[in-house]
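As structure tokens, the structure follows; a few thoughts come after it.
Remember, it's a predicted structure, so these values are computed and weren't measured experimentally. The sequence lines fix the lettering, A, B, ..., with proteins before strands; numbering per chain opens at 1.
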Amino acid sequence: MTRLNPRPHGRFFAGLSLLLATGAARADYTWNFPTPVTPIARDTLNIHNEFMVIITVLFVVVFSIMVYSMVKHRKSSGVEPATFTGPTGAFQWFWVLVPFAILLFIDFVLMGIPAFHAVIEMEDTRTKADMVLKVTGLQWKWQYEYPDSGIKFISTMSTPREQIEGKEAKGENYLLEVDNEVVLPVGKKVRVLLTSTDVIHTWWVPQFGVKRDAIPGFLRETWVRIEEPGVYRGQCAELCGKDHGFMPVVVRAVPEAEYAAWVDKKKTEMAAAAAGSDRAWTKDELMAAGKAGYEKNCAACHQAEGQGLPPAFPALAGSKIVTGPLLSPEGKLIPDSHVDRVFNGKAGTAMQAFKATLSDADLAAIITYERNAFGNNKGDMIQPAQIKALR
Amino acid sequence: MNTATHTLDPHAGHAHHPTGLMRWLTTTNHKDIGTMYLTFSLLMFFVGGAMILAVRAELFQPGLQLMKPEFFNQLIGVHALVMIFAALMPAATGFANWMIPLMIGAPDMALPRLNNWGFWLLPPAALLLTMPFILALFGIGDGAVATGWTLYAPLSVQGGIGVDFAIFSIHILGISSIMGSINIIATLLNMRAPGMTLMKMPLFCWGWLVTAVLLIITLPVLAGGVTMLLTDRHFGTHFFDAAGGGDPILFQHLFWFFGHPEVYILLLPVWGLMPHVLSTFTRKPIYGHTAQVYGFIAIGVLGLIVWAHHFMTAGLPVPALLYFMYSTMAISLPLAVLFFCWIATMWRGAMSFETPMLFAVGFIVLFGIAGLTGLVLADVAADAQYHHSYFVVAHFHYALFAGGIMGVMTGVYYWLPKWTGHMYSERLGKLHFWLTVVSFNLTFMPQFFLGLAGMPRRIPDYALQFTEFNAISTVGAFVLGLSQLLFAWNIWRCVKGGDKATDQVWEGTSGLEWELSSPPPYHSWDTQPVIKSST
Amino acid sequence: MAMTKTEAAGAQEWTARPNCSLTPTARRNLVCGILAISLLVSGGFLLAGAWLVLPFAGLELAALYIALRALDHADSASETIRLEGDRLTVTTRFLGRDNQQSFSTAWARVSLEAGNAPDPLICIRSHGRSCQVGRLMTPPQRHQFFSDLSRRLRSQTVKPN
Ligand code: HEM
Ligand SMILES: [Cu+2]
Ligand SMILES: [Cu+2]
């Protein structure tokens, strides 16, 4: 069934591929797992290969016997059918039981023992862990957090809608590219903690050999030790709603020094963003930042023009909530108001609590944008400092 | 002189049963009901098939061409629910209704009225399931259930009215299945002809007995689970909501405690049918009747205790992972008993390869692939890679299409002459078989490779390295779908006419059902047959 | 097929009842077995917080029990043939409907007649009336009963009275 060595450039179905000459980038298909880059993935590939050999042998042996019988014992060749209905005598019983003994051996020794060790290794997330990465699934993006350095950001798919809708040629990493890649140091054991804020997502990078569910309200964990620098791509593997197919995972593994430099750079960026919430912004600044933020975080559901996808995803253009009052006269949050929705989400729907994931500046910008775009012209605005005070 | 004859016919008045629509609405005759189940099943097979062809068309090329992701998600979920609950299960129930009374020498099912209700619950349930599609066209709701057939919380708590419709539909389907199961248990246990001890009961009946018991054990769990979903959605409970002290994984336990046995529920009747077909076309008695009976029971028991292998990436504790891994591997043993007996039944027979035999052999080989890939899926570490990828999609289609649907086709070709009194067209049947096998493999074999390469299931669009295999799979799927029109055409022709079938139909048959005329009289066993001690 | 024959002074009675392969004990064991498994399963889920499984399991078991009890009704079918003095009385009971006919032994004629089943039924006629019995008998029982009955009738008619 499976070649043992991955053959990235097979031409087996060359004829059929002709059908596909549609101008899309020439793609590479493979017959097996992608090249493993963690100890777990290597183990898994070996086990998988071993299993494939075993089941292929079983398949061939068993069905050779059957095919032999189908050729030999045909009515047209004039044979008389036998009449036996079961084993008789010790000798026959012995031969009947042998295949089952072999199967027992294959199940619980040949396959069972390596499987046991692999499970133990895979589940050992804590021994000698060098660092922690916290992954939170949200509809439909990932948030990454580095508790050691306080870095926290959201990673969203960056493939343009035009490519998906076929209005533009598809890029090389179509659907597997993001705005913010997770950066991890090579050679370190990274303990990955997973959770979710809405529904179940599954974090999966095939080349790491790990796949683990992110479950709202619970923490799950797994681990990776990436052995080679490179960019590794995966996807959410658990159906999580509309854009389940569009929440890729992209991990950039870099040497330790480069990782340290990246951490520093991220920290400076975060400091700049934090400073942003203390100064006063102009309305144009807010509108510009708000448009970018809206398209990244909100447009998947509420659509680029704010028309939404009713009834699941309400329109924002002309929405009663969006065009309602901004804050109470004392500058407090009004329940079920526009700011409250963006802040705290709406339980039981795909609308999430963005205060957990967006910065003060982003929230202020997006709220201001929504109130003054798509034909909504409230004319008001909210400052990052006000957002900060509401937290 | 009084010329009236007083007949003491137990079914007095059977000469003037209602005709037309009323006949079908009110019938309590096991053959009529069997026919209705089978017709309904065939119809829904095409409905479910049309849905998935739309999906495959979308997946022919990367990019979104035909539909929005929301609609895509609705199609895959409803496809699975329709195929499992409205195509495969009713087909097996149709077989049971037609054949069990004939096989055990009973005049009808034990509870004929219940039987009628059981069937007539199905069309409304199917309607409920698909109605949200239509409602959405009129701007009501946002379409059918879009969570996949597994309905995982909290996605299903978040979903639209489609989820509520699906929950009610599942309840009705469940009630129908319970009625069917109770009836089959009662019939098999109480109505066997004298001399037919449990151990002498035909294997098809045994397969169904285990299926019926499994349904009775597991359906309350599904019913409870979806009801809890409903109360979480509308009545403020928090069974699956961590914020309220619940646990989303609890739903997965509930679902798969039903869902895993469900796959055996779908297949046991087919496993029961296989030895009959093999014995007929090898002209040789069934090998290992008793071993197969114990095999069925063992699979039933093991099937009840392995459910969590469907969510091994959800973060179960290590001992649980090991337990579910090893118990799952253990299922291969009773399955191997069945394979052994099937092949031993063929061994040194005098085989001929009419359409049912072709389908039986195709079933054995392809279902073998399902079992073998199932064995590797059981390995927790490797499953981390396979789980929720196209590898699993391929695995369960080898189990449920090659195993389930092709098994049903075996039965249809095998019994159709008995039911209609006519032979179907052997030429069309063989053509149907070869087209089905080839296009089936063309459709699903590439999906194994897609899964290995890392393509997740249930995505409407995919990265470019998956293009070739997806295109092949789509081509295969369309050939596969269109070939099934031959099947329907062949059945239709056979119902309308064709060469007269003998009572025995096939040269090598044995069993009570072949002693009746083809087609059998409206009331099968007006008089009680006995089982000779030799059989 | 339960076939019983009772003889009292000057009277014979044959009773045939349908074959019930499920004995009351087996039925009890079946229900108890399924009850035990169901309780185990729904009890387990109860402990896990899914108490709603229990009521469904209860409903379903009740349905199973009622259905099996309903079989008793179907099982009450019977065919009784009583020969007493010069009367031959045939009582049949199907689906709760009773039917009784009485013949004079002197005029009754019995024969084996094939209906739409592969095995013939026993037909009793007299003066243009007729009835068929033997549906609840297996073919050997039917043949046995046929020869029994015809012998009795013959000996009655030739016996001087
Ligand atoms: C030796 C026999 C088998 C073993 C060990 C086995 C094992 C497994 C495992 C471990 C999975 C979960 C994979 C995953 O989601 O990661 C699975 C999925 C599945 N199996 Fe099997 N299997 C076997 C035979 C069968 C049979 C006979 C059927 C059908 C009658 C079947 C139907 C399914 C289905 C429907 C799923 C996927 C359901 C879903 O996720 O939607 N399998 N099997
Ligand atoms: Cu997802
Ligand atoms: Cu399973």
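Per-residue heavy-atom pair counts under 4.5 Å with chain B were compared for A:Pro99, A:Ala115, A:Ser77, A:Ser76, and the maximum is reached by A:Ala115. Comparing B:Ile76, B:Leu321, B:Val157, B:Thr290 by heavy-atom pairs within less than 4.5 Å of chain A, the highest count is held by B:Leu321. When the candidates B:Gly349, B:Gly148, B:Ala382, B:Gly139 are compared by the number of heavy-atom contacts under 4.5 Å with chain A, B:Gly349 comes out ahead. Chain A forms more heavy-atom pairs under 4.5 Å with one residue of B:Leu333, B:Asp241, B:Val318, B:Ile286 than with any other, namely B:Leu333. Of the listed residues (A:Ala41, A:Ala237, A:Ala118), the one with the most heavy-atom contacts under 4.5 Å to chain B is A:Ala237. With chain A as the partner, the residue from B:Ala314, B:Ala463, B:Ala242 showing the most heavy-atom pairs under 4.5 Å is B:Ala314. Counting heavy-atom pairs closer than 4.5 Å to chain A, the top-ranked of the candidates B:Ile140, B:Leu155, B:Asp142, B:Ile459 is B:Leu155. Ranked by heavy-atom pairs shorter than 4.5 Å toward chain A, the options B:Leu322, B:Thr147, B:Val365, B:Leu450 are led by B:Val365.
For A:Glu80, the part lying under 4.5 angstrom from a heavy atom of chain B is the backbone only. Of the atoms belonging to B:Phe340, it is side-chain heavy atoms, and not backbone ones, that fall under 4.5 Å from chain A. Heavy atoms of A:Val62 lying under 4.5 Å from chain B belong to its backbone as well as its side chain. Heavy atoms closer than 4.5 Å to chain B are found in both the backbone and the side chain of A:Ile200. No part of B:Asp232 comes within reach of chain A, as not one of its non-hydrogen atoms sits under 4.5 angstrom from that chain. Looking at B:Gln74, there are no atoms closer than 4.5 Å to chain A (heavy atoms on both sides), in backbone or side chain. The contact between A:Ile65 and chain B is made by backbone and side chain atoms together, counting heavy-atom distances below 4.5 Å. For B:Asp461, the parts sitting under 4.5 Å from any heavy atom of chain A are the backbone and the side chain alike. For A:Pro114, no part lies near chain B; criterion is any non-hydrogen pair under 4.5 Å. For B:Ala330, the parts lying under 4.5 angstrom from a heavy atom of chain A are both the backbone and the side chain. Within the 4.5 angstrom heavy-atom criterion, atoms from both the backbone and the side chain of A:Ile164 approach chain B. Residue contact with chain B, scored on non-hydrogen atoms closer than 4.5 Å, involves the side chain of A:Phe63 exclusively. Looking at A:Ile120, the atoms closer than 4.5 Å to chain B (heavy atoms on both sides) all sit in the side chain, from C-beta outward. If you measure heavy-atom distances from A:Phe246 to chain B, the contacts under 4.5 Å come from the side chain alone. Contacts of A:Arg212 with chain B are made by both backbone and side-chain atoms, with heavy-atom separations under 4.5 Å. For a residue to count as touching a neighbouring chain, one of its non-hydrogen atoms must lie under 4.5 Å from one of that chain's; by this rule A:Leu239 touches chain B with backbone and side chain alike. With a threshold of 4.5 angstrom between heavy atoms, B:Phe339 approaches chain A through side-chain atoms but not through N, CA, C or O.
In this pair, B:Phe391 and A:His48 present their aromatic rings perpendicular. The plane angle is above 60°, beyond the 30 to 60° band. Using a 30° and 60° split on the angle between ring planes, B:Tyr287 and A:Phe84 fall in the perpendicular class, above 60°.
Remark: A:Lys242 is not positioned above the aromatic ring of B:Phe72, lacking an NZ or CZ atom under 6.0 angstrom from the ring centre and at most 45 degrees off the axis.
By the 4.5 Å heavy-atom criterion applied to side chains, B:Pro69 and A:Asp243 are counted as neighbours. Taking 4.5 Å as the limit, some side-chain heavy atom of A:Arg74 sits within range of a side-chain heavy atom of B:Phe353. Inter-residue side-chain proximity for A:Val199 and B:Tyr152 is flagged as unmet; no heavy-atom pair is nearer than 4.5 Å. With a 4.5 Å cut-off on side-chain heavy atoms, A:Trp31 and B:Leu452 do not count as touching. Within the 4.5 Å cutoff, no side-chain heavy atoms of B:Asp383 are placed close to those of A:Lys211. Contact annotation: the side chain of B:Trp342 never approaches that of A:Met66 to less than 4.5 Å [non-hydrogen atoms, C-beta and beyond]. Between B:Tyr462 and A:Gln235 there is no side-chain heavy-atom pair separated by less than 4.5 Å. A:His73 is not listed as a side-chain neighbour of B:Met346, based on a closest heavy-atom distance of 4.5 Å or more.
When all heavy atoms of B:Val376 and A:Met111 are compared, the pair lying nearest together is CG1-CE, 3.8 Å. A:Pro206 and B:Gly454 make their closest contact through CG-CA, 4.1 Å (heavy atoms, listed as atom of the first residue, atom of the second, distance). Closest of all the heavy-atom pairs between A:Ala82 and B:Pro285 is O-CD, 4.0 Å. Contact between A:Gly209 and B:Ala384 at its shortest, heavy atoms only, is O-CB, 4.1 Å. When all heavy atoms of B:Pro248 and A:Phe218 are compared, the closest pair comes out as CD-CE1, 3.6 Å.
To the nearest 0.5 Å, atom CZ of residue B:Phe466 and atom OG1 of residue A:Thr30 are 7.5 Å apart.
When atom types are taken as modelled, the side chain of A:Asp213 and the backbone of B:Gly315 share no donor-acceptor pair closer than 3.5 angstrom. Looking only at distances, no side-chain donor or acceptor of A:Glu165 sits under 3.5 Å from a matching main-chain atom of B:Leu64.
Within the 6.0 Å centre-distance limit, the rings of B:Trp347 and A:Tyr68 are counted as a close aromatic pair.
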